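Report on the structure given below.
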Amino acid sequence: MSYLHGVGNSEVATSLTTPTTSSAGMQVIFGTAPIHLAKDPYKAANTPKLCYSFAECQEALGYSDDFENFTLCQSMDANFRVYNNSPIVLVNVLDPNKATHTTENAEESVTVTSGMATYTKQYVLLPSLVVKNDTTPLTADVDYTAAHDDDGNVTIVLLSETAKGASSLKVSSKSLKPSGVTKSDVVGGVNSSTHEETGLEIIRQIYPKFGLVPGLIIAPGWSQDATVAAALQAKVEQLNGCFDLNTILDVPANSDGATVYTDCKQAKEKQGFSTNHGICLWPRVLVGEKKYYFSAMAAAHTVWCDTNNDGVPYESPSNKSLRITGLCLDDGTEVLLDKQQADDVLVANGICTAINVNGFKFWGNNTCAYPSTSDTKDRFWCVRRFFDWDGNNFILTYFQKVDKPENPRLVQDVVDSTNITGSGYVARGYCAGYNMKFLENENPKTELLAGHVTVHTYMAPFVPTEYLHNIREYDTTALSTIFS
């Protein structure tokens, strides 16, 4: 040990912990994509793709306006073209390595004109293309190039002199078969031999893979199915053993669900929509001629609302301009709802929708759990999302404290740091109150000796102002005064 003589310095760790914030609006979206248009279609199935732009979506999974066959594309469109949100995570379940998801196209003759040939097959996987000049196989990028045209066909351009001499080509291929995808593919599972995860099971990978906590998990085009909806509702609690998130579900806008608003309550109950960690919607929405499942547009709308509030999900997306041009059923039939119909039948039964009040507005604040529950934190979606977001932030912020010595300084750091953060929430109008305490009666010696510390947070996110009541009365004194 050195001899101490003079003046010196040392440092200790800062007693307050800097908060770590999760994203309440991080969307993880499951469905099908036109991966035949992707950069690497054979590596685009059951793999989460984190995309910060429309171009990244196109490269990773392809894009098509055919929202019925390729359900992920409506979320790409809604987020990057309608609302300009970023980023999103997309999980495609259309697997080119799965026999039921593809079609083998038998060899056929294709006419060559001016050194080009048009192969009129849809959804062709270009790596599977086999092109022959009579019986002689041609080599891609040497004898020819192939690309998808705007009509979905494959244009083959001949390059080599040998190939250019052909008047016709023999072509065979493999095409994607979107109709082969079933709800079981979306729900997914875990292979007992390889432990490979598919479908909704992949939600587990998002935080370990990207370091991002999911905020919303949706499956537009699939969530109207009771089996898929049940799986989505099961995934929103205790993801990775600790995180809570939310989902958005679609009440079927067809004869299996509801073709008129009065049938929506029964359809919701039939589908088993009951989670307090999410909302359900009816019917579908339009932007021009494009028809979206409402969940895709509602998720984008909700994230847009969060973004306008610095990412804090304290404000309801209800009664804010929804960037749509109409409502419709699955078959395209127009739906016209007035406020009374929307409130008395849909909102009153825990179903959100849209109404046209000088432009379409998102309408409704209640989770799927309403009216079965009237608990404020489980009824109002903005309150529920604030609770979940705040809880996830607590986990991310204080994970670093796990396995540290259990002493008063650690507990005081957690309480003080959280209360400083909470005071900021109150000052910025996110909530009416926020206070954390360490209570002795919640921390018996047996628990403390086991290394278990409990803190108690009292918070009051603002509830949405659902109704303003103006009492009006005739003022007789004002009338008598003018004649006096």
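Values in this document were obtained by computation on a predicted structure and should not be read as measured data.
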Over 12 non-hydrogen atoms of neighbours within 6.0 angstrom of [atom1] in [X]:
X    : atom1 : result
K265 : NZ    : no
K183 : NZ    : no
N191 : CG    : yes
E289 : CD    : no
E68  : CD    : yes
E108 : CD    : yes
K177 : NZ    : no

Might you point out which heavy atoms bring [X] and [Y] nearest each other, and give the distance in Å?
X    : Y    : answer
G180 : D185 : O-OD2, 3.9 Å
E315 : N309 : OE1-ND2, 2.9 Å
F273 : S223 : CZ-O, 3.7 Å
L245 : G215 : CB-O, 3.5 Å
I324 : L286 : CB-O, 3.3 Å
A60  : A38  : O-CB, 3.4 Å

Steps toward side-chain contact (heavy atoms from CB on, under 4.5 Å) verdict (Y261, W282): CA-CA 8 Å; Y261 74 99; W282 185 88; 3.9 Å; yes
Please test N276 against T367 for side chain to side chain donor-acceptor pair (under 3.5 Å), starting from the C-alpha separation and ending with a verdict. CA-CA 5 Å; N276 61 323; T367 68; over 6 Å; no
Quick one: list whatever passes ring-ring contact (aromatic ring centres under 6.0 Å, His included) with H277, sequence neighbours left out. none
Side-chain donor/acceptor of [X] to backbone N/O of [Y], under 3.5 Å:
X    : Y    : result
N240 : R204 : yes
Q27  : S75  : no
T198 : G189 : yes
H301 : P317 : yes
N85  : V303 : no
T32  : T71  : yes
N365 : F380 : no
D151 : N153 : no
T47  : A45  : yes
D250 : S295 : yes

In terms of relative ring orientation, are Y430 and Y314 parallel, tilted or perpendicular, with 30° and 60° separating the classes?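 Because their plane-to-plane angle lies in the 30° to 60° range, the rings of Y430 and Y314 count as tilted.
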Rounded to the nearest 0.5 Å, what separation is found between the [atom1] atom of [X] and the [atom2] atom of [Y]?
X    : Y    : atom1 : atom2 : answer
M76  : D65  : CE    : CG    : 11.5 Å
L125 : L176 : CG    : CG    : 4.5 Å
R385 : D390 : CZ    : CG    : 13.5 Å
L169 : E107 : CG    : CD    : 10.5 Å
N246 : F387 : CG    : CZ    : 13.0 Å
N133 : K164 : CG    : NZ    : 13.5 Å

If we only count heavy atoms from C-beta on, is the [X] to [Y] side-chain gap below 4.5 Å?
X    : Y    : result
V124 : K174 : no
W363 : N319 : yes
Q271 : V251 : no
F362 : C352 : yes
F70  : L94  : yes
L232 : V228 : yes
N69  : Y123 : yes
D338 : I355 : no

When the ring centroid of Y425 is compared with that of W389, is the distance short of 6.0 Å?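 Yes.
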Under a plain distance cut-off of 3.5 Å, with no hydrogens placed, do D375 and T373 share a side-chain donor-acceptor pair? no
Is it the case that the side chains of N84 and W304 hold a donor-acceptor pair, with the cut-off being a distance below 3.5 Å and no angle test? no
Check whether NZ of the Lys or CZ of the Arg R81 lies under 6.0 Å from the centre of the six-membered ring of Y63 and within 45 degrees of that ring's axis.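 That pair qualifies as a cation-pi contact.
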Compute both the distance and the angle, then confirm whether R284 meets the cation-pi test with Y293: under 6.0 Å from the six-membered ring centre, within 45 degrees of the axis. yes
Derivation of the side-chain contact (heavy atoms from CB on, under 4.5 Å) call for Y119 and N105: CA-CA 11 Å; Y119 182 50; N105 299 313; 3.6 Å; yes
Are C280 and K268 close enough, and set up right, to give a side-chain contact (heavy atoms from CB on, under 4.5 Å), and what steps lead you there? CA-CA 8 Å; C280 60; K268 174 195 171 187; 4.1 Å; yes
So, applying side-chain contact (heavy atoms from CB on, under 4.5 Å) with E56, which one of C51, P87, S86 is it?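 Only one of C51, P87, S86 forms a side-chain contact (heavy atoms from CB on, under 4.5 Å) with E56, namely C51.
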Check the pair Y144, L129 against side-chain contact (heavy atoms from CB on, under 4.5 Å), reporting the backbone distance first and the verdict last. CA-CA 11 Å; Y144 71 93; L129 201 66; 4.3 Å; yes
One thing to verify: whether R428 and D310 come together as a salt bridge, which I'm taking to mean a side-chain N less than 4.0 angstrom from a carboxylate O. no
